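I have placed the structure first, in the form of structure tokens, so that the comments after it can refer back to it.
A note on names: the letters A, B, ... follow the listed sequences, proteins ahead of strands, and every chain is numbered from 1. Everything quoted here is computed from the prediction, not taken from an experiment.
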2 protein chains.
Amino acid sequence: MALERPTPTALNELEYISRQLEEDIALGRILPRERLIEEELAARFKVNRHVIRQVLSDLESIGIIVRQRNKGATVRDLSPADVENIYAVRELLEGKAAELIKLPPDPAVLAELKDIQRRHADAAANGNFTDVFRLNLQFHKAFFAACGNPQLAEAIQHFALKAHIARSLTISDPELLGRAVNEHKQMLDLMETGDRQRFVRMVVEHIIPSKDAYMENYRRRFGGSQSTGR
Amino acid sequence: MALERPTPTALNELEYISRQLEEDIALGRILPRERLIEEELAARFKVNRHVIRQVLSDLESIGIIVRQRNKGATVRDLSPADVENIYAVRELLEGKAAELIKLPPDPAVLAELKDIQRRHADAAANGNFTDVFRLNLQFHKAFFAACGNPQLAEAIQHFALKAHIARSLTISDPELLGRAVNEHKQMLDLMETGDRQRFVRMVVEHIIPSKDAYMENYRRRFGGSQSTGR
DNA sequence: CCCAACATGATTGTCAACAAAATAGACGAT
DNA sequence: ATCGTCTATTTTGTTGACAATCATGTTGGG
């Protein structure tokens with residue numbers, strides 16, 4: 001909601017590169033188990049290798065990548081059990097946030113959400129997946145910020161990021177996308193009407209399709225025979 | 001449950017220094033708003049400044065310290081609102097974990113918890129605050145690991161760490177300490193008897209006294225006149 | 001033909017020197 | 001006496017070079 005440039009220098013560079021890599025991973029441009037080589041990334045972003053090192057360290061602490069000493073970083077490969085666990089936490093956190101959000105919300109908040117929602121729907125209609133990804137992120141961020149507990153909102157974002165790895169293989173499914181757009185609209189409608197119970201249920205159930213899509217995709221790939229090992 | 005040394009080299013050095021600093025902060029040896037100077041820490045731990053840099057970056061991502069570009073790192077100063085928000089999330093997460101823990105628990109788990117609990121009580125009786133701190137951490141880690149969802153357990157630890165900053169000023173209160181020891185015992189007892197409802201309530205209420213102590217301490221220091229600024 | 005030891009190349013980890021920025025202290029003007 | 005400004009010092013940020021480690025390919029013996 002404004003040009004944010006507290007320091008025009010390299011501090012935001014870290015953020016920028018992190019976001020970019022998160023996006024690459026979420027959109028399936030970099031796949032699980034794929035290596036992330038420091039020097040390559042340094043060349044790509046035209047930046048010193050140390051900067052990349054820092055970024056990789058951040059991504060590791062989020063849980064998006066895994067690093068092994070002297071062996072480098074790879075995109076984390078989530079097991080179905082991991083995904084179940086992540087989604088269980090998401091359900092808990094997002095459900096709680098939905099209970100806390102003021103209904104009906106501040107007009108300013110609602111206006112912002114509606115604006116993001118509209119642009120998200122446009123991007124989806126145009127098949128612009130990069131924008132869809134970014135605007136979806138923005139929507140959820142603004143949405144859960146409305147719960148009034150920044151700590152909770154941060155935790156929600158944290159786990160949403162983790163889940164993005166799982167979604168990378170199904171993120172461009174047009175059916176899921178259409179459904180998500182539709183549900184965002186419904187969430188905003190329920191906000192306005194102020195039906196708390198249905199609102200909370202809608203928020204919680206909103207994340208389920210992406211989990212199911214992952215599970216189905218996994219089963220399709222590995223069938224019944226595969227250890228659940230990490 | 002064994003000596004963990006996957007790499008005997010410097011990878012654990014980061015962990016060690018992080019833990020040490022967390023402990024210093026939690027025990028009030030380093031206070032909120034106090035500066036953490038890279039070179040001093042490098043000298044103290046006999047390590048290169050880059051290692052310290054890495055550690056500070058980790059602590060920042062946890063939310064224990066704050067870094068400003070070209071200005072260095074300080075221990076984060078939590079506002080009462082921050083503390084309320086952190087504890088709200090803790091309550092949510094730990095309550096859910098309590099619902100998930102198998103009752104009665106595996107004998108091995110119970111035995112481990114009882115062992116830690118005994119040593120914790122001993123340390124408390126001897127006024128050995130460093131050991132009290134470490135064993136308390138161990139207890140909660142082992143306890144919540146029993147919920148079966150590692151993602152949830154990790155989030156719980158994450159927020160417990162944040163809360164430690166708030167506890168630094170009241171951590172050596174003997175009354176609180178005695179109460180905590182007592183409550184740990186009760187938690188184990190309720191595990192064995194398998195009374196789910198009372199068990200969950202006990203777990204959730206266990207964290208309240210430390211929050212109240214912070215709030216009281218804050219009021220005592222600042223009275224009624226003080227902005228709630230971050 | 002296959003396996004093991006070795007040599008080579010690729011990749012990450014560590015370090016010390018340099019550059020940039022901010023803080024603290026001294027000085028002078030009002 | 002107070003404020004602002006300038007300089008010196010402290011502290012953080014950045015870079016390039018070097019060392020350690022791991023993965024790969026190759027050669028020689030069985």
Separation of [X] atom [atom1] from [N] atom [atom2], in whole Å?
X       : N      : atom1 : atom2 : answer
A:Leu14 : D:dG13 : CG    : C1'   : 11 Å
A:Gln68 : C:dG13 : CD    : C1'   : 15 Å
A:Ile52 : D:dT14 : CD1   : P     : 13 Å

Are any of B:Arg53's side-chain N or O atoms less than 4.0 Å away from OP1 or OP2 of D:dT12?
no
side-chain N/O B:Arg69 vs D:dT12 OP1/OP2, d < 4.0 Å
no
Taking ring pair (Phe, Tyr, Trp, His ring centres under 6.0 Å) as the definition, give me every residue that meets it alongside B:His184, ordered by chain and number, with sequence neighbours left out.
B:His120, B:Phe139, B:His140, B:His206
Only counting residues at least two apart or in another chain, list the ones meeting ring pair (Phe, Tyr, Trp, His ring centres under 6.0 Å) with B:Phe133.
B:His164
Does A:Asp122 have any side chain to side chain contact (heavy atoms under 4.5 Å, CB included) partners at least two apart in sequence or in another chain, and if so, which?
A:Arg118
Enclosure of B:Arg221 CZ (heavy-atom neighbours >12, cutoff 6.0 Å)
yes
Passing option when B:Arg19 is tested against B:Glu22, B:Glu23, B:Glu15 for side-chain hydrogen bond (donor to acceptor under 3.5 Å, both in side chains):
B:Glu15
Can you give me the N/O atom pairs linking the protein to nucleotides 5-11 of chain C at distances under 3.5 Å, or say none if there are none?
{"from": "C:dT11", "atom 1": "O3'", "to": "A:Arg35", "atom 2": "NH2", "distance (Å)": "3.4"}

Identify each atom pair where a protein N or O and an N or O of nucleotides 16-19 of chain D are less than 3.5 Å apart, giving names and distance.
{"from": "D:dG16", "atom 1": "O6", "to": "A:His50", "atom 2": "NE2", "distance (Å)": "2.8"}

Before accepting this row, confirm whether a basic side-chain N of the pair A:Glu39/A:Arg49 lies closer than 4.0 Å to the acidic partner's carboxylate O.
no
Using a strict 4.0 Å threshold on nitrogen-to-oxygen distance, state whether A:Glu84 and A:Lys211 make a salt bridge.
yes
Under the side-chain hydrogen bond (donor to acceptor under 3.5 Å, both in side chains) test, which residues partner A:Glu34, sequence neighbours left out?
none
